[in-house]
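Notes follow the structure.
We number each residue from 1, following the sequence as shown. Both counts, for ligands and for their atoms, begin at 1 and track the order of listing.
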Amino acid sequence: MDLTHFRFETDQDGIALATWDSPGRSMNVITPEVMAELDRIIDAVAGDAAVKGCVITSGKEAFSGGADLTMLQGLGAEYARLSRERGEEEAMRFFFEETRRLSLLYRKLETCGKPFAAAIHGTCLGGAFELALACHHRVVSDDDKTRVGLPEIKVGLFPGAGGTQRVARLMQTGDALQMLFKGDQIRPLMARNMGLVHAVAKRDSVVAEAKAWIRGGGAALAPWDQPKFKAPSGKVYSPAGMMTWPPANAIYRRETHDNYPAAKAILQSVYEGLQLPMDLALKVESRYFSKILRSPEAAAMIRSLFVSMGELNKGARRPAAIGPVSLKRVGVVGAGFMGAGIAYVTAQAGIEVVLIDQSAEAAEKGKAYSHKLVSDQIMKGRAKTADRDALLARITATADYAALSDCDLVIEAVFEDPKVKAEVIAKVEASIRPETIFASNTSTLPISGLADGSARPDQFIGIHFFSPVEKMLLVEIIKGRQSGERALAAALDYVRAIRKTPIVVNDARGFFANRCVGAYILEGHLMLAEGVPAAMIENAGRQAGMPVGPLSLNDEVGVDLGLKILKATKAQAGEGAVNPLQERLLVALVEGEGRLGRKNRKGFYDYPENGPKRLWPGLAALAGTRQDPDAVDFQELKHRLLVAQAVEAARVYGEGVVTDPREADVGSILGFGFAPFTGGVLSYIDGMGARRFVELCRRLEAKHGARFAPPANLLAMAETGERFYGRAEARAA
Ligand code: NAD
């Protein structure tokens, strides 16, 4: 057979091996060409009496990441074109048939009459795992890199090539729904325990084990095609089913607040599909899939969380003329909360770290944080003692600045005090090589101002981490007035090395993320001051799609930090720069009540030693007024919380602090969890259309004040109908 994406050979036992190895790609992805070749392989196996069965494996380091999402994006565009040209009905027919081709292909494999087995090493996700699920037998390697799963929900989709139906027939309905809602990547042993795969084998013997299964007479009949098949949870309409479905509905609402049509489609597909034979069930799944693929939520999430994020990770903003910057050794000065985390993620990436603090003991204390984090991983079975030893051996903890002499990059994370920073900058610069890049992790001080104290401002840049460093995926890179191209390239290479996503912003107070976060928290504070019950504020935040309510978020970052920033802003920019209601609230909480946040177990919430956090009952008295909850416009609370952030983001964009909508969107989701189903802060505005968004701002401005006033760039967009993305594409052209 003449194939490009697969190698196909048959051994002396008559067992075929299809090795998927698409040329010119580091990872196999499902494309129309791959599908066409798989189709021919199925025909060849089914049509040749000498072939007993077939093993599908990968010739690459990983099995496959799944379908090419840009292919799905293309289908969406084709639908829009057909709909315009030939009408909705024809467009729908085309779309339905096209989007179920993969599902039909997998069903063809499953029912072709010959046994197929998947031999999996490395990641096998999404459409690729759906291929494995359609095979009659699955063997995975016991390797640390091996993961299976159906993560489609994370980009607003759901498994539309049989995944919802096969998973729901392999395990209890509740477990299947959890797996599909979460989209987690599952380790080999767990996958076997869940019934997702049949066997776990050594990496080198997955193919041999899969072949042995076929040789041993493995049946070419999926469990659900056997006449006496019973789903693990029994029938939907049964006492057991009635124990499952009402809570499933409740869990769906609790987890999604009805913001994710894909999650609802999972619920519907499984519920309806389980009542039907497989072929019809797959058709039901396909109907929901074609609907979800056309949803604005899927389009926005695919664009931001797959396409744009991929582009940023690949260095979309990196100056092309600068070659790769060597990053063998990185210095971290300040081994406190942030510095300790930065040292850990850097060492984790295989880079040598020199961790400095005022005393050797303080530096050692920072290093101990890495010890703790890897030990936690060991406890969970995710790391070995040898990994811990190797990682700790890469971190040199010391108080001696001379140890920085051969570092390629030094990041400071000392106290947020310009004087302390200036001293540290001078000391570091006296110890490093001329070409070493210096970065500050400051969260509030302008980079250009700090660089004034540097003898080499062109090699000075901001690398702003979010806390906790080891968990947060975003890093803001801040270009000071004089930051040079090599400093930017080095910062981007570093962020890529530690496997986080960078956005590049210009220097301004609060940079990008913290300005939007500040607007979210401020809105929560003002609602409280207006007498809105605190529980309603928090629920409005979560129901709008934020991971936590504004008051809860403020407790995490520290209520006192909020007050400190507010005072610093007032000192620098005058009375008018701060909101007096917010100031009064924070002063009362911090100075009056000593409530600093989670750190002292007292903030907007109380944090009892044993038990969940609870809103502090004193909040209502602090506000001095209380609105009747039934009279509060809950929808408006939700709007306020999202619009406050989006209008601030538009302002930041208008000021030229963020220059690329992709960065604002990706940054908002990764940095502060802005309602992911919207695609991010600017996609939220684009999704509504600038005109409608401006109208909404005007309404909120009239009722709640000037912070909702739409900036000039938005007014112009409302006038012309332009979009952030339309504009970005025009700029690029
Ligand atoms: P921290 O107080 O926990 O740590 C600061 C560390 O710097 C301390 O260990 C201190 O001993 C050390 N230090 C002080 N002066 C020093 C000197 N002259 N030489 C060497 N070490 C010195 O503070 P943190 O929360 O880790 O913040 C550090 C920096 O990171 C600040 O600029 C802050 O704005 C920024 N930042 C903080 C967060 C956050 O959430 N905490 C987030 C992003 C950025």
Side-chain angles (χ1 to χ4, degrees), residues 331-346 353-370 395-404 407 410-432 438-447 449-451 453 460-478 495 500 502-503 505 507 509-518 521 553-562 564-565 568-569 596-599 667 670-672:
V332 179
V333 184
F337 179 57
M338 295 301 286
I342 298 169
Y344 170 74
V345 296
T346 309
V353 178
V354 176
L355 181 59
I356 293 199
D357 208 293
Q358 296 177 84
S359 66
E361 295 74 50
E364 282 296 343
K365 199 168 154 231
K367 181 174 170 176
Y369 186 62
S370 287
I395 305 177
T396 308
T398 174
D400 182 5
Y401 280 69
L404 296 173
C407 284
V410 174
I411 304 169
E412 73 76 18
V414 297
F415 298 139
E416 189 75 337
D417 175 338
K419 256 203 240 121
V420 178
K421 300 247 191 228
E423 273 167 31
V424 166
I425 293 165
K427 274 168 90 173
V428 171
E429 289 189 350
S431 316
I432 54 181
F438 185 97
S440 172
N441 177 46
T442 177
S443 34
T444 55
L445 304 168
I447 292 298
L450 288 177
F460 197 107
I461 196 154
I463 300 186
H464 181 220
F465 284 86
F466 294 82
S467 86
V469 178
E470 64 280 5
K471 289 219 178 93
M472 298 298 287
L473 296 173
L474 185 74
V475 175
E476 269 179 326
I477 293 176
I478 298 107
V495 174
K500 296 200 185 280
I503 62 169
V505 303
D507 199 13
R509 180 169 277 278
F511 314 130
F512 164 65
N514 283 346
R515 270 181 68 176
C516 300
V517 172
I521 293 177
L553 180 61
N554 198 178
D555 269 3
E556 295 300 325
V557 294
V559 188
D560 57 330
L561 183 68
K564 220 165 120 188
I565 294 175
T569 309
L596 311 183
R598 185 190 272 279
K599 60 177 130 178
L670 298 190
F672 48 99

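Taken from OG1 in Thr442 to CZ in Phe415, the straight-line distance is 14.0 Å, to the nearest 0.5 Å. A distance of 6.0 Å separates CD1 of Ile565 from OG1 of Thr444, quoted to the nearest 0.5 Å. A distance of 6.0 Å separates NZ in Lys500 from CG in Leu473, rounded to the nearest 0.5 Å.
Residue Ser443 has at least one heavy-atom neighbour below 4.0 Å for each of these atoms of ligand 1: 33 (C), 34 (O), 35 (C), 36 (N), 44 (C). Close approach to Thr442 involves these atoms of ligand 1, each under 4.0 Å from a residue heavy atom: 32 (O). Of all atoms in ligand 1, numbered sequentially from 1 with element shown, those under 4.0 Å from a heavy atom of Phe465 are 42 (C), 43 (C). Ligand 1 places these atoms under 4.0 Å from at least one heavy atom of Lys421: 31 (C), 32 (O). Shown in contact with Glu416 at under 4.0 Å from a heavy atom are these atoms of ligand 1, numbered in order with element: 31 (C), 32 (O), 33 (C), 34 (O). Close approach of ligand 1 to Val420 is summarised as follows: ligand atoms under 4.0 Å from at least one heavy atom of the residue are 15 (N). Taking every non-hydrogen atom of His464 and a distance limit under 4.0 Å, the qualifying atoms of ligand 1 come out as 43 (C), 44 (C). Heavy-atom proximity to Ala413, at under 4.0 Å, picks out these atoms of ligand 1: 5 (C), 6 (C), 7 (O), 28 (C), 29 (C).
Nearest non-hydrogen protein atom to atom 4 (O) of ligand 1 is Gly336 CA, 3.3 Å. From the protein, the heavy atom lying nearest to atom 29 (C) of ligand 1 is Val414 O, 3.4 Å. Protein heavy atom nearest atom 19 (N) of ligand 1, with residue, atom name and distance: Tyr401 OH, 3.0 Å. The protein heavy atom nearest to atom 3 (O) of ligand 1 is Phe337 N, 2.9 Å. The protein atom (non-hydrogen) at minimum distance from atom 26 (O) of ligand 1 is Met338 N, 2.8 Å. The closest protein non-hydrogen atom to atom 13 (N) of ligand 1 is Gln358 NE2, 3.6 Å. Here the heavy atom of the protein found nearest to atom 18 (N) of ligand 1 is Val424 CG2, 3.4 Å.
Counted by atom type alone, Glu429 and Tyr401 present zero donor-acceptor pairs between their side chains at under 3.5 Å.
Residue-level proximity to ligand 1 for Lys427 is absent, since no heavy atom of it falls below 4.0 angstrom.
Within the 4.5 Å cutoff, no side-chain heavy atoms of Met472 are placed close to those of Leu670.
Ion pair Glu416/Lys564 not flagged as a salt bridge, since none of the NZ, NE, NH1 or NH2 atoms sits closer than 4.0 Å to an Asp/Glu carboxylate oxygen.
Proximity of a side-chain donor or acceptor of Glu476 to a complementary backbone N or O of Phe512 within less than 3.5 Å is detected. In this structure, the side chain of Asp507 engages the main chain of Ile447 through a donor-acceptor pair within 3.5 Å. With hydrogens and angles ignored, the 3.5 Å screen pairs a side-chain donor or acceptor of Lys367 with a backbone N or O of Ile395. Of the possible donor and acceptor atoms, none in the side chain of Asn554 sits under 3.5 Å from a partner among the backbone N and O of Gly562.
For atom 23 (O) of ligand 1, no protein non-hydrogen atom is found at a distance below 4.0 Å.
Lys365 NZ: 12 or fewer foreign heavy atoms inside a 6.0 Å radius.
Between Phe438 and the choices Val428, Ile411, Ile461, the side-chain contact (heavy atoms from CB on, under 4.5 Å) rule is met once, by Val428.
Residue contact annotation: Glu412 has no non-hydrogen atom under 4.0 Å from ligand 1. Ligand 1 does not have Lys365 within reach: every non-hydrogen atom of the residue lies 4.0 Å or more from it.
Heavy-atom proximity to atom 9 (O) of ligand 1, evaluated over Asp417, Asp357, Asn441, Leu561, is greatest for Asp357.
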